[in-house]
Each structure stands twice: as structure tokens, then as C-alpha cells.
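Structure record follows, encoded as C-alpha cells.
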Amino acid sequence: MTTHTHAVLHRALRHAEEFLDGLPRRPVAATASARELRARLDVTPNERGIDAVQVLDDLVAAADGGLLGCPSGRFFAWVIGGALPSALAADWLTSAWDQNAVTHACGPAACVVEEVVGELLKQLFGLPSACSFALTTGCQLAHFAGLAAARYAVLQNAGCDVHEHGLAGSPPLRVLASDQCHGSIHRALRYLGIGRRQIIAMKTDGNGRVDVSALVGVLRESSAPTIMVLNAGDINTAAFDPFAALIPLAHDHGAWVHVDGAFGLAARFSQSKSHLLEGVEAADSWATDAHKWLNVPFDCGVAFVRHAAAHRAAMSIQADYIEVSASHRDPIDWTPEWSRRARGFALYAALRELGREGLANMIDRCCAHALAIVDGLGELPGVEVLHRPTLNQGLVRFLAPRAGATQSEHDARTDEMVASVNASGEAFFSGTTWRGRRAMRVSVVNWRTTEADVNRALAACAACLRPRSNNFSPNKNSHL
Ligand SMILES: *Cc1c(COP(=O)(O)O)cnc(C)c1O
């Protein structure tokens, strides 16, 4: 390796250390506007090349203030996990090794690591050992892979080969999906040629769980090839559908059941939370994310399919120049992509770094922190708890102080509070609309979050709730 490559990699290490070491001091929110970032980053094609170390330094300087503190223990927005140290480092090596995890021939170690990771995950999640699996860019494409297998299988059961005849030559499908299902389900279905009118929303109860009683009639109503989509942890309240009741019912009517377990499948690792998933192992396909609660860097999702033949039929490709090997698992047979990143290395590292015990501890810790934040917020004046976490997700609403304030004033107050806590730099949350009302979401999915982070976040929320005359001033406090 040339000294130049050494120099730039060492520089990258230093910048990474500075970024991570600075997390406790820097604001969690971005401080640079899009306009500032464009002014700094926008360039025209340069005639001459620029020294690699210089390129890196320039990039770091220009991105300053434009990076969210996603890896911070006080980042509670959306559902964004941190990266475990070994996973982060393995991810760097993945780039250095630059393997193409498309076939065994292109990346032998990368493909064997994927084989191993798939087996480990099936054991850890308690899924059937004969399942096939695929590592994808995220849960979105894991849904795509699982639902493509579903589409193929339910149409095959109806006597139709969708690959030969396309959807135009197939009977119409119908999809029953929880009314709380994530937008990535609708998008995956759209990619698969399944339109909105083919999707029937299944009603959920006050806890966000699909109501079983209403379903029997719906299943009987039509003999169309059917796919049912259930939640193992929805984004607002981490609701788990009653799998033990729903899945056998769906199977009695010949439906394929796909489960969105983007982060919720990880509840399996915890002794006290595992019951939420009871019966989920009877489904036909499952999608989850390693870049959420397994804390590997972006991007990594995982699909599991009970019926390997349908999965392979939906994804596989034969091309003249591809060496087919009977003795190896070629990822190209199972994933929607062709050339692809060797994302198994980071996942392998994360699973080994934590082990069963570490995974369980991380899940339990995150759940306890989520509860502490929501309960702590609930004790503050003018805060209404909409959902006390049963897993790692909670919802609160901030009430406008005016007597007789309207719902839309409470909505506005809630959005203002999210913005003002985020502007304080002390913690970062995101908003949502839940059952028609604005709410602040609390999501804890990061190994880094500590009790001190929880207390610091609560103090920031309390300070934002105090009248303006108070001496807490957003941004100035961010360098504590
Ligand atoms: C994050 C999330 C998704 C989408 O996952 P990506 O990895 O962003 O593609 C789908 N469903 C749920 C419940 C999620 O939380």
C-alpha cells in the first residue's frame, strides 16, 4: 500500500474518532442549514485532481454542523440504531476489502459469512431452521423479497406462473394489511404491481393490534389469492399483532402471512419481551432490520422465507457468465440486487460482540430507558402520555396551556416542543400523527444510551417547558 493510502486512512480514523468523541459535547441536532451546506459542498467539476487527504479534510469541514448525532445516546427520533464498535470497524474493513457479495466466486468469505449470519439469526429469532434468507439494504427491500416470494407462491397455488404470464395473465391478488402497517409495505406492493385498491386495511384495536373477530368474514368473502401482512412492532407504539390467533386463521384460508418486524423481531432476544412474538414463527415470511436494533451501520435488512423454493424462484437469475455452484450459497439467488456490498461482515461482528447475553441486555436496557423517558415526561406539567412503552417506543403529547385549548392548539404545542427540544441540542426526537393527533415519539434503539442520557434528555424537555423568561437558552447549553 502506498504511504498516501495510509495517510488518508489514518486521517479518516482521526476524523471518525473526533466525531464520536465529540458526541457528548456537540448538539444532537444539525446546526447548519441546507443553504449553508450547499454553499460549502456545492462544487463544479475540478480540472485537476485534489490530494486525497485534502479531499477528506474539506469534506469533513464542509459537512460540519450538517451531521445529526444519530450515534448519540440522546438521539430518540424515528427508529435509528447506533453502530456497535466491532460492527463499525468491520464495516470499514468491508470497504477496504471491497468484495462483491453477488456470488461465492466473487467473494468467498463474504458469502460464507452471510451463510453463517443467516443461520445465527434464525436461531436467535427462533425461526424455522429450514427458512431461506437474504441480506438486503434494509427492511424496505426485505419486504420486497418476502412479498415477491408471497406473490409467486399464492399465484402458483392458483395455478398461475407469474414469471411466465406476468400479472396481466394472473388472477387479481388481494392483500390484507394492518391499518397500522408501515409505508414500506405499500411501496413494496407497488413495486410488485399490486395496487392500492387491492389492499384491504385490517382494523386495529386501541392497542394497535389487528382485531381478530372482524377478520373471519373478510377472509371468507373472497377466494382471491391472498397475502396477509402483520406487524411485529409498529413504529408508533410497537404494537404486536395476535399472531397465534391470526396466522392459523389465515393459513386455513390459504393466505400467505408476511410479518414486518423491522425492529420488533429483536424482542425475541429478551426474556421479558419475547412473549410479544408468540406464534410469529408460524408465518411464511418475515422482514427485519439489522441497522436498527442489531446496531450495525447502515445499510442492512434481512428477509426470511419459510418456503425456500418460492423465495429462490422469485429472486434467482441465470446468466451465461454466472458460475452456478451446487455446493455454495450465492446471494444473487435470494436478493433483489445484483452486485452488492458484503454486508454480512458487520452483522457477523455485531452478533459475536454481544452474544445472546449482550443482545438481551441491550434490548432490556433500551426498553427500560424508553419507559424512564416517557414516565419522566409524564410527570412534567402539561404533558399527556399517549402510549407508555410496552417495548421501546412511546408517545407523548404537549398540551397548550390556555384553558379550553383546542386539539389543534395541542397539536401545534406538540410540534413546537419537539422543535424546541431539538433546537436545545440536548436530545433529538421526532413527531408523528397518531390516531389523528400530533405526538412526540420516543424510540430507544441504541446500545450507547445510558441513564445519564435519559436524565439529560428529561432535563432538556423540562427546561423547554418552562416559561420563556427562564435562563435555559437553546444552543448555548449544547456545549456542556
Ligand atoms: C424502519 C421501518 C421500516 C423500513 O425499514 P428500512 O430499513 O428503513 O427500509 C419498515 N417497517 C417498520 C416497522 C420500520 O420501523
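Treat the numbers as computed from the prediction; the structure is a model and nothing was measured. We count ligands from 1, going down the list as the structure has it; atoms in each ligand are counted the same way.
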With Ser316, which residues qualify under side chain to side chain contact (heavy atoms under 4.5 Å, CB included), at least two apart? Arg312, Gln318, Asp333

All pairs passing salt bridge (Lys or Arg N to Asp or Glu O under 4.0 Å) where residues 196-210 contributes a residue, at least two apart: none

Does anything in residues 293-308 form a side chain to side chain donor-acceptor pair (under 3.5 Å)? List the pairs, not counting sequence neighbours. Asp284-His307

Test item: side-chain donor near acceptor, Ser132 and His311, under 3.5 Å: yes

Give the intermediate values and the outcome of salt bridge (Lys or Arg N to Asp or Glu O under 4.0 Å) for residues Glu114 and Arg340. CA-CA 12 Å; Glu114 281 195 27; Arg340 53 195 283 283; 2.9 Å; yes

Contact table ligand 1 N or O to protein N or O, d under 3.5 Å:
{"residue": "ligand 1", "atom": "5 (O)", "partner": "Asp289", "partner atom": "OD2", "Å": "3.2"}
{"residue": "ligand 1", "atom": "7 (O)", "partner": "Cys139", "partner atom": "N", "Å": "2.9"}
{"residue": "ligand 1", "atom": "7 (O)", "partner": "Asp289", "partner atom": "OD1", "Å": "2.9"}
{"residue": "ligand 1", "atom": "7 (O)", "partner": "Asp289", "partner atom": "OD2", "Å": "2.6"}
{"residue": "ligand 1", "atom": "7 (O)", "partner": "His291", "partner atom": "NE2", "Å": "2.8"}
{"residue": "ligand 1", "atom": "9 (O)", "partner": "Cys139", "partner atom": "N", "Å": "3.3"}
{"residue": "ligand 1", "atom": "9 (O)", "partner": "Gln140", "partner atom": "N", "Å": "2.8"}
{"residue": "ligand 1", "atom": "11 (N)", "partner": "Asp260", "partner atom": "OD1", "Å": "3.3"}
{"residue": "ligand 1", "atom": "11 (N)", "partner": "Asp260", "partner atom": "OD2", "Å": "2.7"}
{"residue": "ligand 1", "atom": "15 (O)", "partner": "Lys292", "partner atom": "NZ", "Å": "2.8"}

Lys/Arg-Asp/Glu bridge criterion (N-O < 4.0 Å) met for Arg438, Glu416: no

